[in-house]
Engineer: 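This structure is in structure tokens; I'll ask about it shortly.
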Amino acid sequence: MKITFYGHSALGIEVSGKHILVDPFITANPKASHIDINSLKADFILLTHAHGDHVVDVEAIAKRTGALIVSNYEIATYYGAKGLQSHPMNHGGSWNFDFGKLKYVSAIHSSSFPDGTYGGNPGGFVIEGEHKNIYISGDTALTMDMKLIPMRTKLDLAIFPIGGNFTMDVDDAIIASDFVECDKILGCHYDTFGYIEINHEQAIKKFFDKGKDLMLLEIGSFIEL
């Protein structure tokens, strides 16, 4: 499994020969100006919620690639009405896709499209691939529901927002990693704008002091599991 960071909460995941994009917010992010969305491959687009900083490039990419948009019922219906392929889910539901099993799990946040349309309840995703399992929490507060995830799935990686203000901060993300029983963390949703700027060295040290590995990738770089 190859995971590429495209800035903010945007990710590219390659697994079982399929290309997945998560929360594509790229063209409107000055820090990701070197990423050309027209070069990105996408068989699936996973959306945690409807805020503009997670969906701004969905339509352009989906129209070009024919990607299947997977999200909650309201978001899937919104894009389906625009003629795009979509697959609706809801909390606790799972589905077997070509890349593996996908489960839509709880998140505590808000969700509305930039045009004001209701975006349903926000969520996260658990991906069980052929060899590796990952949890993408989406924008969320620290929640006790995270403790349910390792009851069903042993994780190899958890992807958490760590910028604070709108989501968990670094200290809450450390607790979240305990809840999901995963010590390998990829940070996201930080530094994009003033409210969520963090001290990288301090964040990494806090995780290290707890025996955990926090990865803060440069935009466009990747890891392999």
Side-chain angles (χ1 to χ4, degrees), residues 1-14 19-42 44-65 67 69 71 107 109-115 119 122 124-125 134-141 157-174 176 184-208 213-225:
M1 186 181 290
K2 178 180 177 181
I3 301 171
T4 304
F5 181 58
Y6 292 122
H8 199 53
S9 294
L11 304 164
I13 302 172
E14 295 178 40
H19 293 83
I20 304 166
L21 285 180
V22 182
D23 290 350
F25 169 76
I26 300 170
T27 58
N29 180 4
K31 295 180 182 294
S33 60
H34 57 294
I35 304 297
D36 177 14
I37 67 166
N38 293 314
S39 68
L40 300 181
K41 297 178 180 179
F44 300 88
I45 299 175
L46 308 185
L47 302 177
T48 61
H49 64 294
H51 285 163
D53 61 333
H54 293 255
V55 305
V56 73
D57 293 315
V58 171
E59 289 185 47
I61 294 171
K63 287 176 181 177
R64 177 178 59 82
T65 63
I69 298 167
S71 190
H109 197 60
S110 55
S111 179
S112 58
F113 284 94
D115 64 9
F125 294 101
I134 67 172
Y135 167 45
I136 304 165
S137 75
D139 284 10
T140 187
L157 177 73
I159 302 172
F160 289 143
I162 57 172
N165 194 71
F166 297 111
T167 69
M168 297 188 294
D169 58 12
V170 169
D171 294 316
D172 278 352
I174 291 172
K184 196 175 188 67
I185 307 300
L186 177 61
C188 66
H189 208 277
Y190 64 91
D191 283 359
T192 314
F193 33 81
Y195 286 119
I196 59 173
E197 291 178 350
I198 67 168
N199 182 313
H200 291 211
E201 291 184 4
Q202 184 182 74
I204 292 169
K205 185 177 186 303
K206 282 186 174 183
F207 272 84
F208 180 81
D213 179 19
L214 173 66
M215 292 171 286
L216 303 179
L217 298 179
E218 295 292 329
I219 296 175
S221 61
F222 65 89
I223 59 170
E224 291 184 305
L225 300 178

Engineer: List the atom of Ala28, the atom of Pro30, and the distance in Å for their closest heavy-atom pair.
Structural biologist: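 Between these two residues, the closest heavy atoms are O-CD, 3.4 Å.
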
Engineer: Quick one: NE2 on His19 to OG1 on Thr4, what's the gap to the nearest 0.5 Å?
Structural biologist: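 One finds 9.0 Å between NE2 of His19 and OG1 of Thr4.
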
Engineer: Looking at Asp23 and Gly138, would you say the former's side chain and the latter's main chain have a donor-acceptor pair under 3.5 Å?
Structural biologist: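 Pair absent, no side-chain N/O of Asp23 close to backbone of Gly138.
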
Engineer: Kindly give the heavy-atom pair with the smallest separation between Gly187 and Ile162, and that separation in Å.
Structural biologist: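 Minimum heavy-atom separation between Gly187 and Ile162: CA-CD1, 4.1 Å.
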
Engineer: Rounded to the nearest 0.5 Å, how far apart are CG of Leu225 and CG of Leu186?
Structural biologist: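 Taking CG in Leu225 and CG in Leu186, the distance rounds to 9.5 Å.
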
Engineer: Check the pair Tyr6 / Leu11 against side-chain contact (heavy atoms from CB on, under 4.5 Å), numbers first and verdict last.
Structural biologist: CA-CA 6 Å; Tyr6 292 122; Leu11 304 164; 5.7 Å; no

Engineer: Using a 3.5 Å distance criterion without hydrogens, assess whether the side chain of Ser111 forms a donor-acceptor pair with backbone atoms of Ala50.
Structural biologist: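 Yes, Ser111 side chain to Ala50 backbone: donor-acceptor pair under 3.5 Å.
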
Engineer: Kindly assign one of parallel, tilted or perpendicular to the pair Phe193 and Phe166, based on the angle between their ring planes and the thresholds 30° and 60°.
Structural biologist: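 Perpendicular: the ring planes of Phe193 and Phe166 meet at over 60°.
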
Engineer: Is there a donor-acceptor pair closer than 3.5 Å between any side-chain N or O of His189 and the backbone N or O of Thr140?
Structural biologist: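 Not a single qualifying donor-acceptor pair exists.
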
Engineer: Atom CG of Asp171 and atom NZ of Lys206: how far apart are they, to the nearest 0.5 Å?
Structural biologist: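 One gets 3.5 Å once the value is rounded to the nearest 0.5 Å.
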
Engineer: Heavy atoms only: give me the nearest Leu47-Ile45 pair and the separation to one decimal.
Structural biologist: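 Taking every non-hydrogen atom into account, CD2-CG2, 3.8 Å.
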
Engineer: Under the criterion side chain to side chain contact (heavy atoms under 4.5 Å, CB included), which of Ile3, Ile136, Ile13 is the partner of Ile20?
Structural biologist: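 Running side chain to side chain contact (heavy atoms under 4.5 Å, CB included) over Ile3, Ile136, Ile13 with Ile20 returns exactly one hit, Ile13.
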
Engineer: Atom CD1 of Ile223 and atom CZ of Phe5: how far apart are they, to the nearest 0.5 Å?
Structural biologist: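 Ile223 CD1 to Phe5 CZ: 11.5 Å, rounded to 0.5 Å.
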
Engineer: Do the side chain of Asp57 and the main chain of Ile26 share a donor and acceptor less than 3.5 angstrom apart?
Structural biologist: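 Checked: pair present.
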
Engineer: Measure the spacing between CD1 of Ile159 and CE of Met215 and express it to the nearest 0.5 Å.
Structural biologist: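 Separation between the atoms: 8.5 Å.
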
Engineer: Under the side-chain contact (heavy atoms from CB on, under 4.5 Å) criterion, do His54 and His8 qualify, and how do the steps go?
Structural biologist: CA-CA 8 Å; His54 293 255; His8 199 53; 4.2 Å; yes

Engineer: Search all heavy atoms of Ala203 against all heavy atoms of Ile198 and return the closest pair with its distance.
Structural biologist: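 Minimum heavy-atom contact is CB-CD1, 4.3 Å.
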
Engineer: Test Thr48 against His109 for side-chain contact (heavy atoms from CB on, under 4.5 Å), laying out the working first.
Structural biologist: CA-CA 10 Å; Thr48 61; His109 197 60; over 6 Å; no

Engineer: Would Phe207 and Val170 count as a side-chain contact (heavy atoms from CB on, under 4.5 Å) if you check the C-alpha gap in whole Å, the side-chain angles of each, and the deciding distance to 0.1 Å?
Structural biologist: CA-CA 8 Å; Phe207 272 84; Val170 169; 3.8 Å; yes

Engineer: Run the ring-centre check on His51 versus Phe25 and record whether the distance is less than 6.0 Å.
Structural biologist: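 Here the rings of Phe25 and His51 have centres that are no less than 6.0 Å from each other.
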
Engineer: Hey, what do you get for CD1 (Ile134) to CE (Met1), rounding to the nearest 0.5 Å?
Structural biologist: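 If we round to the nearest 0.5 Å, Ile134:CD1 and Met1:CE are 5.0 Å apart.
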
